[in-house]
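Nothing here was measured: the structure is a model prediction, and the numbers come from that model. Numbers here simply count residues along the sequence, with the first being 1. Indexing begins at 1, ligand by ligand and atom by atom, following the structure's order.
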Amino acid sequence: MTRTVYVNGQYLPEHEATVSIFDRGFLMADGVYEVTSVLDGKLIDFEGHIKRLHRSLSELDMPRPCSDEDLLAMHRELVRLNSIDQGMIYLQVTRGNPGDRSFVFPAADLAPTIVAFTQDIPNLADAPAAKTGFRVISIPDLRWSRRDIKTVQLLYPSMGKMAAKKAGVDDSWFVEDGTVTEGTSNNAYIVKGNRIITRQLTSDILHGITRAAVLRFAAEAQFEVEERPFTIEEAQNADEAFSTAASIFVMPVVEIDGKPVGSGKPGPVAIRLRELYLDEMRKAAV
Ligand code: PLP
């Protein structure tokens, strides 16, 4: 089946969808994005993703592209047109096409470019990787210092994924000034006894939508939550480690820089939080 994608108000077969070479997303990485997962044909935490989209746009002085209702209707239409049961919807909003290249922002009334497409992943909730866990390496965090804005500047995270691939593992965790910031495309956690430790929200990391929900469910399930930085050594010696993102939900991390974490197998806390997250979010999906 040819995928139907969305570009600036139109639903088109993917090979007919185009964006200008002058689009600032293409030339300057001047754009923001969101990835919302789909389970049972419904959107997971759509409200959270839209709130963060607004924040990213506002931090970059970009106007809202359309109403939240229109965005929701568009996401649902893409799910319907592409018959998605489990998968992801990628949404990108750029500052648009000023018709030429310039470092200066175009006039604020320039129409933004809005692009969205689906990714069909039939076993998203039941991913085999969740049963074995991720193995990660640590690499320096060389990204810019506004990681709280979800921009399309993904070159360094992409290089981080390639470093992991080269090392024969699943992901890289970034380290800055001796402590872990986050994974290439996920937030990072360790578990010690009944306590879940993850870096506090600043501009050092993306404010994960999955993170917010997982920490809420963890607190409700009587876990202690401590928001502070941790080192790779502390993580290697923790009982468990895990990562969260819309694309992986809660993913156990079983090895860091070649050293097993805990038993070297997915731990009970990560497994429980994954189940809790999937159960609760499926109930609340729209
Ligand atoms: N941190 C980074 C750098 C990310 O790219 C992502 C997701 O893409 C996350 C964290 C997790 O965010 P969310 O839970 O909203 O998917």
* **Of all pairs that satisfy ring-ring contact (aromatic ring centres under 6.0 Å, His included), the ones with a partner from residues 56-92, not counting sequence neighbours** => Tyr33-Tyr90, Phe46-His75, Tyr90-Phe117

What are the distances between nitrogen or oxygen atoms of ligand 1 and protein nitrogen or oxygen atoms, counting only those under 3.5 Å?
from, atom 1, to, atom 2, distance (Å)
ligand 1, 1 (N), Glu182, OE1, 2.6
ligand 1, 8 (O), Lys150, NZ, 2.8
ligand 1, 14 (O), Ile209, N, 3.4
ligand 1, 14 (O), Thr210, N, 3.0
ligand 1, 14 (O), Thr210, OG1, 2.6
ligand 1, 15 (O), Arg52, NH1, 2.7
ligand 1, 15 (O), Arg52, NH2, 2.9
ligand 1, 15 (O), Ile209, N, 2.8
ligand 1, 16 (O), Ala246, N, 2.8

* Asked: Going only through I, L, V, M, F, W and Y residues with side-chain contacts under 4.5 Å, is there a path from Phe217 to Ile44?
  -> yes

* Going by distance alone, is a donor N or O of one side chain under 3.5 Å from an acceptor N or O of the other, for Ser138 and Asp257? -> yes

* From Asp177 CG over to Thr231 OG1, what is the distance, rounded to the nearest 0.5 angstrom? -> 13.0 Å

* Would you say Gln200 has more than 12 foreign heavy atoms packed within less than 6.0 Å of its CD? -> yes

* Asked: Parallel under 30°, tilted from 30 to 60°, perpendicular over 60°: which one fits the rings of Phe249 and Tyr277?
  -> tilted

